[in-house]
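Single-structure report; data block below.
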Protein chains: 2
Amino acid sequence: MSKKQLIMEKALELFADQGFEATSVQQITDHCGISKGAFYLSFKSKDELILALIDYFTTQFTSNIDYLVKSTTIDSELLYKFYYTVFESFNKHSDFAKVLIKEQMRSFNKEFIVKMRSYDKMMEDTILSMVERLYDEEVGQTKHDLVFCIKGFMKMYSELFIFYNTPLDLELLAHSLTEKTNLLAKYVTIPFVSNELVQQFKQQSCNEVTNEQILGVIEQTLDDIEDSIEKESLLLLKQELLEPTLSRPLVKGLLENIQPHPHCKWAAYLLRGYFGF
Amino acid sequence: MSKKQLIMEKALELFADQGFEATSVQQITDHCGISKGAFYLSFKSKDELILALIDYFTTQFTSNIDYLVKSTTIDSELLYKFYYTVFESFNKHSDFAKVLIKEQMRSFNKEFIVKMRSYDKMMEDTILSMVERLYDEEVGQTKHDLVFCIKGFMKMYSELFIFYNTPLDLELLAHSLTEKTNLLAKYVTIPFVSNELVQQFKQQSCNEVTNEQILGVIEQTLDDIEDSIEKESLLLLKQELLEPTLSRPLVKGLLENIQPHPHCKWAAYLLRGYFGF
DNA sequence: TTGACAAATGACCCGTTAGTCATTAGTATA
DNA sequence: TATACTAATGACTAACGGGTCATTTGTCAA
């Protein structure tokens, strides 16, 4: 195991227990059996560590779910599988789930907040695509409410995994939530989260990322990934960011190229926002 | 306005914006236009301040809801009024709601965590009583699931008030959630949160409070309240804690006496747990 | 064995902050 | 005015934690 992995693993335990700010670098290094200096050979700062943790787990989590939704061909199984996988992940990585909940609204770092929001948005997009696929005609105006309810179920029931160590019947849970979701999809008539409201939220949250910030993220990502179609696509997108020359379909295609790559999700998200997709 | 109130008000603004740990006492006193020393004349520590804030708002909030549920005589209006009042409170005290969400899982202070849990429990009890009253026959085994769903709705939709400043249509929201809740009550058949599971949770969370801790809270509460039936009842309960002499019905009656008093809610909760009610 | 390079160490620096306390300002009473 | 008392001040302390860097330890090829 690399030093970096060791630190991430041990730090996660401490963060889950005490929270990020209450855990000192000294504690982490003691817990790893290394020196303080060694820590700074692996991470530039304490902030970089938690960002790495968030990145590592959330990309894994969101990609998992996204893949599941896209690869499940039988509609009738989709919702059940979705819930099952969600809670299985929470169960498996309960330390990370704890950190996520504890620090979700922390305002210590601008980059952190924007990142959390974006992962939330990605999850929401995945859920929305699922809802549209399963209930397209039935739900009509209430589809965003259904997304909200699903997120509410996830929030509420995931607390069980985090605060109690009792082993829980995942299959029953997934069945139970599937039934509830189907019922809401079938019978709900009063929409609250309308399309206009969603539009409004989007505008409010997207107007603060600057060109330079996106460039910074792209540079970072380019360093992280190997030569590949994705890397070339990202390079072209960087060009496009500096001086637009390509047509919109071409840009969209490039975005599609980088989207599946785990390391590119963050850059892809920012670029989608920037180019308006 | 007393110095204490001034500090609480101004501190709340800063906490909502920056979080508790990120806000220094110096900042608070600057924002109040007083000196650092003056702060420590009103509060023994920074921790005491946030505990006071939590106490002040959550007792207000939970008593409000509790009163509403008990005083609404027309069943058909109850659920709507419940949701309306909940979100109206969130809307009105959005600064506090922000703090609550930001610090909800903070582990900086043991007392803080236990307190938060207890308020959550009180809320849950109120919701459960409402569910039992409205749907007693229909829901059967699924009543705890319904409580979970209601809490999930509250969690999810309250984020709207906290992160977006858009004015929202409270009436529509309450109607929309009422419909959803009624649907779930009527049609859901698969229970997940069973009675045994609830029992298990209760055991897990109640086995850590010591006799001395409860005594400490009682002493504190006695100092805070005026001479009254409540005070006398609490004194008797303190006696009973030291050496049991009274019958269970008498103890239960004393608990009922102190329950409605805002300052006694915390002591009442601990004593209920201790005496097994 | 030596020398060169990388890996790791931990004492130290520096900024920050909760909390204290000697001192001062303000006020009411004799 | 003098005295006594309370309210308020802010410089100060002690502790802590993030981050640095001169120094040591380990490794491997010549």
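Note: hydrogens, waters and symmetry copies are ignored here, and every other heavy atom, side chains too, is used. Numbers restart at 1 for each chain; the letters A, B, ... are given by sequence-line order, proteins then strands.
Side-chain proximity of B/Y40 to C/dG10, D/dA8, C/dT20: nearest is C/dT20. Taking only side-chain atoms of B/S24, from C-beta outward, the nucleotide of C/dA18, C/dG19, C/dA8 with the closest atom is C/dA18. Taking the side chain of B/I34 as heavy atoms from C-beta on, and the options C/dG19, D/dT9, C/dT9, the nearest nucleotide is D/dT9. Among D/dG17, C/dG10, C/dA18, the nucleotide with an atom closest to any side-chain atom of A/S35 is C/dG10. Relative to the side chain of B/A38, the nucleotides D/dG19, D/dA8, C/dG19 differ in distance, and D/dA8 lies closest.
Separating the CD1 atom of A/I7 from the C1' atom of C/dA7 is a distance of 13 Å, rounded to the nearest angstrom. Here the P atom of nucleotide D/dG18 and the CG atom of A/D30 are 12 Å apart, to the nearest Å. In this structure, CG of A/L41 is placed 9 Å from P of C/dT9, rounded to the nearest angstrom. Computed from coordinates, the A/F43 CZ to D/dG19 P distance equals 13 Å when rounded to whole Å.
Counting any heavy atom pair closer than 4.0 Å across all strands shown, A/T23 reaches sugar-phosphate atoms only and no base atom. A/T29 comes within 4.0 angstrom of nothing in the nucleic acid, heavy atoms only.
The side-chain heavy atoms of A/L168 and A/Y157, taken from C-beta on, include no pair separated by under 4.5 Å. At least one side-chain heavy atom of A/K151 sits less than 4.5 Å from a side-chain heavy atom of A/D120.
Between B/K3 and the phosphate of D/dA8, there is a side-chain N or O to OP1/OP2 separation shorter than 4.0 Å.
Taking a 6.0 Å sphere around OH of A/Y40, one finds it holds more than 12 heavy atoms contributed by other residues, nucleotides or ligands.
No hydrogens or angles were tested; on distance alone, a donor-acceptor pair under 3.5 Å links the side chain of A/K36 to the base of D/dG18.
Between the side chains of B/Q26 and B/S24, not a single donor N or O lies within less than 3.5 Å of an accepting N or O.
Each of A/Q27 and A/K44 was matched to the nucleotide of DNA chain D holding its nearest heavy atom; the match closer to the 5' end belongs to A/Q27.
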